[in-house]
Amino acid sequence: MAINGYKPKLAVWKFSSCDGCQLSLLDCEDELLAVVGRVEIGYFLEATRAEVKGPYDISLVEGSISTPHDAERIHRIRRQSKTLVTIGACATSGGIQALRNFKDVDDFAAAVYARPDYIDTLAKSTPIRDHVRVDFELHGCPINKHQLLELLNATLNGRKPNIPSYSQCIECKRKGTVCVMVTTGAPCLGPVVHAGCGNLCPSCARPCYGCFGPKETPNTTSLAAWFDSLGQDRREIKHLFRSFTANAEAFRKESESHEKPQI
Amino acid sequence: MTPTPEYRKTRVVIDAAQLDVLIANLRAQGYEVIGPTVADGAIVYAPLSGAGELPAGVTDVQGPGSYRLEKNGTALFAHVVGPHAWKRYLYPPEQLLFRSVRQGRNLRINEELELKRYAFLGVRPCDIAAIRIHDKVFADGEYADPGYSARRQAAFIVAVNCTRPAATCFCASMNTGPRARDGFDLALTEFSDRGAPEFLVEVGSARGSQTLAKLKHRPAGEDDLKRADALLAAAARSMSRSMPSGIADAIEDHLEDAYWDKIAGRCINCANCTMVCPTCFCTTVEDVTDLSGDIAERWRKWDSCFNIDFSYIHGGSVRREASSRFRQWMRHKLDTWHDQFATSGCVGCGRCITWCPVGIDITEEARTLTKG
């Protein structure tokens with residue numbers, strides 16, 4: 001992409017989110033100057049007020065679609081972007097705010113806001129992929145800065161990013177981290193969760209909470225049955241699958257199956 | 001036939017204090033000593049600076065999907081195998097193969113070959129069998145792996161025979177344990193039932209013999225040899241699991257079978273079994289670049305036949321279904337491995353049973369197939 005001194009234009013867009021994922025780009029500290037040297041920042045409000053008109057070579061999109069305004073704006077961004085990459089649990093699954101998908105959003109608005117009639121929101125929080133074509137998804141809550149750099153490196157050098165969709169367990173085992181679930185009986189989502197965090201929780205003796213969402217071909221049913229044998233009740237199992245990526249299909253179905261009364 | 005070297009007949013007894021001397025001597029010879037030690041609720045293989053770091057009085061209680069440590073007795077080696085295998089050191093999980101640097105119109109390639117001299121203390125007989133399988137894969141053939149071969153040749157092996165199997169062990173049925181017959185420099189059998197631990201020492205190599213000469217020892221008596229034989233025979237007898245002998249044929253007879261869909265209902269294809277297996281050796285290669293594209297590196301990383309990308313070829317992944325991935329793993333390990341390497345790919349260590357997050361037991365699955 002970087003031929004004859006041409007600097008690809010990078011844009012960072014925000015939808016319903018906490019900003020943590022775009023902060024990962026600023027968090028690149030040691031590599032930040034190198035990144036800025038290789039791309040032209042076209043739009044990145046968290047870093048600069050300066051704006052360069054589109055179209056953009058790479059758009060990083062953070063956040064989920066949760067308002068009618070969002071649903072319309074994402075199409076404008078797609079039209080201006082050669083490559084569109086969604087970053088983080090909100091953009092790839094709907095985020096923690098997708099917990100409302102399981103209830104009536106009007107009830108929430110009435111409970112939280114003094115004037116719920118001021119609130120213009122959609123019934124569901126949904127991933128960007130449900131609205132426009134997405135070229136690549138970077139998972140995590142927040143995303144891992146090394147994966148973000150790898151993605152930018154790969155995109156700028158015209159190669160496939162090394163961002164595998166296998167289980168978190170592979171990261172644990174390569175690093176030599178002792179399995180928290182096997183040694184303590186604590187319920188760990190690692191076996192069904194997408195690798196990429198760099199083994200954060202298990203290497204601190206905590207089970208995986210699933211920030212990176214479901215891995216490829218996740219067998220959540222088998223893992224949930226094992227949680228049951230470890231003494232977790234149905235409500236606890238439902239909550240395990242219903243957190244950062246509650247709306248990701250595999251996790252949504254698994255949590256819903258633990259909501260219904262047992263037949 | 002070459003005559004048995006004289007050192008092979010050596011049988012001596014050392015006390016536990018001599019293990020400290022052994023570690024110090026090996027370190028003085030330039031070895032990094034790796035051995036069992038307690039970390040994060042398990043017995044792992046890590047660098048040791050003295051015998052004080054060995055898991056004295058700690059045993060492991062293992063079952064399908066479960067591993068706990070318990071305080072029990074005074075023995076240094078009352079545990080068996082844990083989550084780590086020696087492949088972690090001989091065939092590291094992530095290895096830089098080379099780095100290329102672009103300088104103007106030139107390309108410079110540096111091959112990276114980091115050679116560490118390891119001494120492994122506490123290698124169990126099943127793991128010796130596993131290392132020998134890796135020798136066939138990496139070192140014996142026409143295309144030897146230089147990193148593995150160099151590390152392997154340099155490695156000093158102190159075996160420890162198993163006087164107490166875990167509930168997940170089945171080495172006796174794989175004919176790989178609980179006693180190491182060869183493949184070591186020194187082999188220890190621990191006596192811990194009468195006070196302070198002592199070790200019967202056997203010698204497997206000339207360098208083992210030279211290393212032993214620097215330790216305080218007494219010649220083993222007839223009663224010492226009988227005591228070791230009795231302990232190891234009892235260990236073999238007390239193994240509750242076994243691999244059915246007809247498993248390779250049973251798999252061939254059931255290649256298309258509803259069984260594979262059934263087991264795929266339990267298997268999470270998380271790949272833990274292949275990561276902890278001491279013989280699984282599959283890797284993937286990743287090329288990475290820096291932002292400028294001037295520096296590129298090639299990394300080799302442990303991979304698994306349970307991952308979708310593992311069978312990715314033009315047009316997509318060959319083994320999309322979890323059932324076909326489980327079948328591939330079991331068939332290769334217990335069946336086609338014989339055709340490829342003239343041995344089973346399983347050494348009976350039981351790691352895949354313990355570290356499977358949903359407790360799938362390969363011996364039980366094999367039994368289902370041989371009966372069906």
Side-chain angles (χ1 to χ4, degrees), chain A residues 2 31 33-39 149-150 152-154 156-185 187-188 190-193 195 202-205 215-227 229-230, chain B residues 39-46 60 62-69 82-84 88 92-94 264-276 284-293 296 299 301-304 306-310 317 320-322 325 354-360:
Chain A
E31 302 87 354
L33 286 177
V35 173
V36 175
R38 288 277 290 145
V39 297
L149 279 171
E150 166 61 12
L152 291 174
N153 276 340
L156 292 171
N157 289 297
R159 63 174 174 82
K160 179 175 161 274
N162 295 308
I163 296 175
S165 55
Y166 49 54
S167 71
Q168 176 52 227
C169 301
I170 297 223
E171 286 195 329
C172 273
K173 290 297 184 285
R174 281 190 190 148
K175 196 169 169 184
T177 303
V178 174
C179 181
V180 179
M181 185 155 69
V182 169
T183 54
T184 69
C188 177
V192 295
V193 164
S203 59
C204 298
K215 76 172 186 83
E216 61 188 24
T217 66
N219 188 346
T220 54
T221 312
S222 174
L223 189 63
W226 189 257
F227 288 167
S229 75
L230 292 175
Chain B
D40 302 322
I43 291 168
V44 300
Y45 298 144
D60 42 10
Q62 303 197 35
S66 172
Y67 180 103
R68 298 287 187 278
L69 293 182
H84 292 174
R88 151 154 240 100
E94 298 189 353
R266 279 182 71 202
C267 174
I268 304 191
N269 52 79
C270 62
N272 274 298
C273 48
T274 55
M275 294 285 118
V276 296
T284 184
V285 169
E286 285 182 3
D287 289 340
V288 295
T289 48
D290 70 344
L291 276 164
S292 67
W299 285 82
K301 298 181 174 182
W302 285 359
D303 199 5
S304 170
F306 283 96
N307 296 338
I308 290 273
D309 272 358
F310 183 79
S317 180
R320 301 286 316 170
E321 300 302 319
R325 280 176 270 157
T354 301
W355 301 99
C356 172
V358 293
I360 293 173

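Proteins get letters first, then strands, A, B, ... in listed order; numbering begins at 1 in each. In this text, all values refer to a predicted model and were calculated from it rather than measured experimentally.
Here the side chain of Arg174(A) pairs a donor or acceptor atom with the backbone of Trp302(B) at under 3.5 angstrom. Distance alone, capped at 3.5 Å, is enough to place a donor-acceptor pair between the Asn157(A) side chain and the Asp290(B) backbone. A donor-acceptor pair under 3.5 Å is absent between the side-chain atoms of Asn219(A) and the main chain of Asn269(B), judged by distance alone.
Two residues are said to be in side-chain contact when any heavy atoms from C-beta on lie closer than 4.5 Å; Arg159(A) and Thr289(B) meet this criterion. In this structure, Glu216(A) and Asn307(B) have side chains that are in contact, with non-hydrogen atoms separated by less than 4.5 Å.
With chain A as the partner, the residue from Asp40(B), Asp303(B), Leu291(B), Ile268(B) showing the most heavy-atom pairs under 4.5 Å is Leu291(B). Of all the listed residues (Gly63(B), Cys267(B), Gly65(B), Ala42(B)), the one sharing the greatest number of non-hydrogen pairs under 4.5 Å with chain A is Gly65(B). In terms of non-hydrogen atom pairs under 4.5 Å with chain A, the most contact-rich of Arg68(B), Met275(B), Arg266(B), Glu94(B) is Arg68(B). The candidate from Lys301(B), Gln62(B), Arg88(B), Arg320(B) with the greatest count of non-hydrogen atom pairs under 4.5 Å with chain A is Arg88(B). When the candidates Thr220(A), Asn162(A), Thr221(A) are compared by the number of heavy-atom contacts under 4.5 Å with chain B, Asn162(A) comes out ahead. If you tally non-hydrogen atom pairs under 4.5 Å between each of Pro164(A), Gly176(A), Gly37(A) and chain B, the highest count goes to Gly176(A). By number of non-hydrogen pairs under 4.5 angstrom with chain A, the leading residue of Pro92(B), Ser292(B), Ala322(B), Ser304(B) is Ser292(B). Ranked by heavy-atom pairs shorter than 4.5 Å toward chain A, the options Gly82(B), Ser66(B), Gly41(B), Ala39(B) are led by Ser66(B). Contact count versus chain B (heavy atoms, under 4.5 Å) is highest, among Leu230(A), Thr217(A), Leu223(A), for Thr217(A). Considering only heavy-atom pairs separated by less than 4.5 Å from chain B, the leading option among Ile170(A), Val180(A), Leu149(A), Leu152(A) is Ile170(A).
With a 4.5 angstrom heavy-atom cutoff, Glu286(B) touches chain A via backbone and side-chain atoms both. Contacts of Thr354(B) with chain A are made by both backbone and side-chain atoms, with heavy-atom separations under 4.5 Å. At a 4.5 Å heavy-atom cutoff, Ala46(B) makes no contact with chain A through either its backbone or its side chain. Heavy-atom distances place both the backbone and the side chain of Thr183(A) under 4.5 Å from chain B. With a 4.5 angstrom heavy-atom cutoff, Asp60(B) does not touch chain A via any of its atoms. Contact of Glu150(A) with chain B is made through the side chain alone, with heavy-atom distances under 4.5 Å. Heavy-atom distances place the side chain of Lys215(A), and not its backbone, under 4.5 Å from chain B. Pro357(B) touches chain A through backbone and side chain together, each having a heavy atom under 4.5 Å away. Residue Ala34(A) touches chain B through both its backbone and its side chain, counting heavy-atom pairs closer than 4.5 Å. Interface remark: Val35(A) contributes backbone and side-chain atoms alike to the contact with chain B (heavy atom separation under 4.5 Å). Only the backbone of Thr184(A) comes within less than 4.5 Å of a heavy atom in chain B; its side chain stays farther off. Contact annotation for Val358(B): both backbone and side-chain heavy atoms come within less than 4.5 Å of a heavy atom of chain A.
A distance of 8.0 Å separates CG in Asn272(B) from SG in Cys172(A), rounded to the nearest 0.5 Å. Going from atom SG of Cys179(A) over to atom OH of Tyr67(B) covers 12.0 Å, rounded to the nearest 0.5 Å.
Val182(A) and Cys356(B) get closest at one heavy-atom pair: CG2-O, 4.4 Å. Heavy-atom minimum distance, Ser167(A) versus Cys270(B): OG-O, 2.7 Å.
The 12-atom threshold is not exceeded at CD of Glu321(B), counting heavy atoms of other residues, nucleotides or ligands nearer than 6.0 Å.
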